[in-house]
Trainee: 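After the structure tokens below, expect a handful of questions from me.
Quick note: residue numbers are just sequence positions, from 1. Basis for what follows: all heavy atoms, side chains included, without hydrogens, waters or symmetry-related copies.
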Amino acid sequence: RETLNDLQADGYQGVFVPRDLCPTDAQLLRYVNDLSVADRTADCLDAMIVALDMLHKRTAGQKIHRRVFLLTDGAFGLTEDDLTCLDEVGRQVATLDVTM
């Protein structure tokens, strides 16, 4: 599993961030278009936590519209621990005023 993100040392493995936050452009659209389900495996919640961390670090104090687009095939299950984590992710989404 390829990993590249600011939280990988904290255990967020399998989450690949192809580039830093920036406006959407043709290069990003081509990258997303060329992805396939087999290209990446990652924990959906880990990906959300990495995304929220990026938004918090790079947009703190700025009056901007924050959005997260989570690309998934939906082939994952949630454990009891995941549900607890999901509640915290939901609180962080609300705190940061992020649109999903």
Trainee: Testing the basics here: between D46 and G11, what is the closest heavy-atom pair and its distance to 0.1 Å?
Mentor: OD2-O, 4.4 Å
Trainee: Checking E2 side chain against F16 main chain: does a donor-acceptor pair fall under 3.5 Å?
Mentor: no
Trainee: Between D6 and R58 (salt bridge meaning N to carboxylate O under 4.0 Å), is one present in this structure?
Mentor: yes
Trainee: Answer yes or no: is there a side-chain heavy-atom contact under 4.5 Å between P23 and L28?
Mentor: no
Trainee: So that I can tick it off, tell me whether K57 and D53 are bridged by a salt bridge, with the cut-off set at under 4.0 angstrom between side-chain N and carboxylate O.
Mentor: yes
Trainee: How long is the gap from CG on L4 to CZ on R19, to the nearest 0.5 Å?
Mentor: 13.5 Å
Trainee: Between atom CG of D81 and atom CG of L86, what is the distance when rounded to the nearest 0.5 Å?
Mentor: 12.5 Å
Trainee: Does the T3 side chain pair with the main chain of G14, one donor and one acceptor, at a distance under 3.5 Å?
Mentor: yes
Trainee: Do L70 and I49 belong to the same hydrophobic cluster, where Ile, Leu, Val, Met, Phe, Trp and Tyr are linked whenever their side-chain heavy atoms lie under 4.5 Å apart, directly or via other members?
Mentor: yes
Trainee: Side chains of residues 89-100: which donor-acceptor pairs under 3.5 Å do they make with residues two or more places apart or in other chains?
Mentor:
| from | atom 1 | to | atom 2 | distance (Å) |
| --- | --- | --- | --- | --- |
| R91 | NE | E88 | OE1 | 3.2 |
| R91 | NH2 | E88 | OE1 | 3.1 |
| Q92 | NE2 | E88 | OE2 | 3.0 |
| T95 | OG1 | R91 | O | 2.9 |
| T99 | OG1 | H65 | NE2 | 3.4 |

Trainee: Nearest 0.5 Å, please: how far is OH in Y12 from CG in N5?
Mentor: 9.5 Å
Trainee: A quick test of your reading: do over 12 heavy atoms of other residues, nucleotides or ligands sit less than 6.0 Å from CD of E80?
Mentor: no
Trainee: Got a donor-acceptor contact below 3.5 angstrom from the R66 side chain to the T59 backbone?
Mentor: yes
Trainee: Is there a side-chain contact between L83 and D87, using heavy atoms and a 4.5 Å cut-off?
Mentor: no
Trainee: Test of understanding: clusters of I, L, V, M, F, W, Y form through side-chain heavy atoms closer than 4.5 Å, transitively. Do F69 and M54 belong to the same one?
Mentor: no
